[in-house]
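I have a structure here, written as structure tokens, and I will follow up with some questions on it.
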Amino acid sequence: MPNILGYLKIYIIPTKYSPSDIRQLSAELTIHGGQLIDHPERADIILTRLMGRKRLALALDPTLIDSKIVVLDRWLADCIAHEALLDHRPYLVPPDHSSQPTHKWPRKQTASPSTRPPNQHNNTRSPSDHNPFKTTSPALILASFPATEKSIEPSTLPRLACCRKSPSICINQLLIEELDVIRVWKENGEDDTLESDLNQAGKKDDEKHALAYSRACSALKAYPTKICSVSEAQVIPFIGPKIALQIGEYLSTGQIKLSQTLRTSVRLRSILLFQTLHGVGSRLSREFYDIHDCRTLEDVANARPSLKVQVTYWSDLQTPIPRYEVPLIAKFLSDELEMISPGCIHTICGSYRRGREYSNDVDIVFTYPAMNRSSKVSSQVLDQLVDRLRTLSALTDILSGSSIGSNALRGLHQRFIMMSLPRQTRQIRVDIIFAPYEIYWVCVVGWTGSTMFERDIRKHANGLNLKFASHGISRLSDGSEIAVSQEKGEPAVFEALGLEWIEPTERNADV
DNA sequence: CAGACAGCGCATCAGC
DNA sequence: GCTGATGCGC
DNA sequence: GTCTG
């Protein structure tokens, strides 16, 4: 009997099961390599027969609903039927509401189409249980890789992120997340207090080290097979002796001690908590902690009153936006835009476009086929849209964006706003970008990310004596523009840069 | 071994 | 009020 | 911290 479940720890919510049902399930999953455990908090994956989040909330600790993978028990039956560890995502509770179903395998029984408005206020978070560090369950990783993996020669991995395929979650995800903790630490000046690195000598080193960790993680992200030895890791680009040592520790103990220590560091956790506010980066957050002795978001709000508004809707900002909700925002905005001036087209970019199940914000690039660079219409239309949102009471706050500045001169306009949909109170961060039609697809590439992918596009462009920016592609020599056909869509941008096409969902070159 | 590491727009603020 | 430096975000 | 010239 094949070991389908790969020693996954599985917990079953007993509601709606008879004792004999449980015994039956237990036997089945044990035969296929799973482990039935009796504490949900230790589980990799949780099975249930409950069809809606409301019912679920009565049967399971709400913090577990958010932190664990909870799937319909049909997932187990289908895994056994297909003799493979299937992607759990189509089986999540509640099911995906998006118009394009993400499931590859047929479900005999679809969950009740509960059309509860997607207002997530029942799982409001508080700063005290804010966990700044990513943790991906092993189940999620295993389930993302049911297919056969082809091995590659590590040294042949392309050196630029824009030339490799980087999935949203990769086979070495847990290792990467362990390394990423160290990256974050370095990015925030290790344990230097603000005073000691005001003499900028050490600080810059740390930033470079952080960048090195980013690149190592990025390379690992595109590496197709599970790393089994240090010697294997060492030949992957951007993994040198130091990081190889950390990987060695991970391979023998399953974790990196430094990372585990950092995860519990009160100072680092506070500093990262402060950085969840827009406009607060590593410098400011350390100032708040070390000089103003801030320990909570309220302390920060007192130290800098301009941040008070953000603290009031902080829990909304921390609540991830489920995938199916993102197009609803875009549709709302484009409908409003149609009323102001018909004929607009748009692309939802950011992490949504890269295929993430949850997003922190929504990035939308708008254009009008009739809107060219020289027209001043676009900024007017954008202002009108913002005004319209204001009169609809949908607009909460403008975080950034002005009608002046050289970007505006180039025809590119943007507003970063906080808004809510009509009849909802939940606040969502939306980045609205207006691009002239000539650079629409360049702009879409620029706003799709990920960060590492963008960096390496620029690097690649420089190698060709070109300059890539979200407001166009030009020659480095004389600054003259390279025209990109808008009719051919996004692939034309890659073509203009001499790049192989990479699907948006394969551009997840960050952790 | 030294130098590079993406690169630009926007906000804020010190110093004039 | 202007200007340049710095921090921040993407 | 790692790679390149």
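The structure displayed is predicted, hence computed values, not measured ones. Naming convention: chains lettered A, B, ... in sequence-line order (proteins, then strands); numbering from 1 in each chain.
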- Item | Closest to the A:Arg215 side chain, choosing from D:dT2, B:dC8, B:dC5 |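 Out of D:dT2, B:dC8, B:dC5, the nucleotide with an atom closest to A:Arg215's side chain is B:dC5.
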
- Query: C:dC10 P sits how many Å from A:Arg458 CZ, rounded?
  - Reply: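 About 14 Å, once rounded to whole Å.
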
- Return the value, rounded to whole Å, for the distance between atom CG of A:Leu412 and atom P of C:dC10.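 Rounded to the whole Å, the gap is 15 Å.
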
- Query: Contact class for A:Asn462 vs. all strands (heavy atom < 4.0 Å): base, sugar-phosphate, or nothing?
  - Reply: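 Sugar-phosphate, no base atom in range.
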
- Examine C:dC10: is either OP1 or OP2 under 4.0 Å from a nitrogen or oxygen in the side chain of A:Arg429? Give yes or no.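 True: A:Arg429 side-chain N/O within range (under 4.0 Å) of C:dC10 OP1/OP2.
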
- Message: Considering every strand and a 4.0 Å limit on heavy-atom distances, what is the contact class for A:Arg159: base, sugar-phosphate, or nothing?
- Response: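 A:Arg159: backbone/sugar contact only, no base atoms under 4.0 Å.
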
- Task: Check step by step if side-chain hydrogen bond (donor to acceptor under 3.5 Å, both in side chains) holds for A:Tyr352 and A:Glu357.
- Result: CA-CA 7 Å; A:Tyr352 171 86; A:Glu357 289 301 310; over 6 Å; no

- Task: For D:dG1, give its Watson-Crick or G-U wobble partner with both distances under 3.5 Å, or none.
- Result: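 Paired with D:dG1, as far as the under-3.5 Å criterion goes, is B:dC5.
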
- Using a cut-off of strictly less than 4.0 Å, decide whether A:Lys459 has a side-chain nitrogen or oxygen near OP1 or OP2 of B:dA6. no

- Message: Checking contacts here: which listed nucleotide (B:dC5, C:dC10, B:dC8) is nearest the side-chain heavy atoms of A:Leu211?
- Response: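 It is B:dC5.
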
- Item | Interatomic distance where CD1 belongs to A:Ile432 and P belongs to B:dG9 [whole Å] | 21 Å

- Item | Residue pair A:Ser420 / A:Arg426, side-chain heavy-atom distance below 4.5 Å | no

- Task: State whether a side-chain donor-acceptor pair under 3.5 Å links A:Asp431 with A:Trp447.
- Result: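 Distance-only check fails for A:Asp431 and A:Trp447.
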
- Measure from NE2 on A:His460 to C1' on B:dC5 and round the result to the nearest Å. 18 Å

- Atom pair distance, as rounded to whole Å: CZ in A:Arg415 and P in B:dG9: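 A:Arg415 atom CZ is separated from B:dG9 atom P by 16 Å.
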
- Message: Side chain of A:Arg455 only, heavy atoms from C-beta on: which candidate in B:dC10, B:dA6, D:dG1 is closest?
- Response: B:dA6

- Message: Once you apply a heavy-atom cut-off of 4.0 Å, does A:Phe468 come out as touching a base, just sugar-phosphate, or nothing?
- Response: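 The residue A:Phe468 makes no contact with any strand.
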
- Worked check of side-chain hydrogen bond (donor to acceptor under 3.5 Å, both in side chains) between A:Thr136 and A:Glu177: CA-CA 8 Å; A:Thr136 301; A:Glu177 283 169 19; 2.4 Å; yes

- Message: What is the separation between atom CG on A:Leu399 and atom C1' on B:dC10, rounded to the nearest whole Å?
- Response: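 One finds 12 Å between C1' of B:dC10 and CG of A:Leu399, rounded.
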
- Do the rings of A:Phe274 and A:Tyr289 sit parallel, tilted or perpendicular, given the 30° and 60° boundaries?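 A:Phe274 vs A:Tyr289 ring planes: tilted.
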
- Message: Heavy atoms only, 4.0 Å cut-off, all strands: where does A:Ile433 land among base, sugar-phosphate and nothing?
- Response: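 A:Ile433: no heavy atom of the nucleic acid under 4.0 Å.
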
- Query: Considering only the P atoms, how many Å lie between B:dA6 and D:dT4, rounded to the nearest integer?
  - Reply: 14 Å

- Does any donor-acceptor pair link the side chain of A:Arg283 with the base of C:dC8 at a separation under 3.5 Å? no

- Task: Quickly work out the A:Asp361 CG to C:dC8 P distance and round it to whole Å.
- Result: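 Between P of C:dC8 and CG of A:Asp361: 18 Å.
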
- Task: Looking at every strand, decide which applies to A:Ile243 at a 4.0 Å heavy-atom threshold: base, sugar-phosphate, or nothing.
- Result: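 It contacts sugar-phosphate atoms only.
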
- Item | Full working for side chain to side chain contact (heavy atoms under 4.5 Å, CB included) between A:His346 and A:Leu337 | CA-CA 11 Å; A:His346 72 265; A:Leu337 210 47; over 6 Å; no

- Could you state the CD-P distance from A:Gln275 to C:dC8, rounded to the nearest angstrom? 8 Å

- Taking the side chain of A:Ser282 as heavy atoms from C-beta outward, which of D:dG1, C:dC8, B:dA11 is closest to it?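 Per side-chain heavy atoms of A:Ser282, the pick is C:dC8.
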
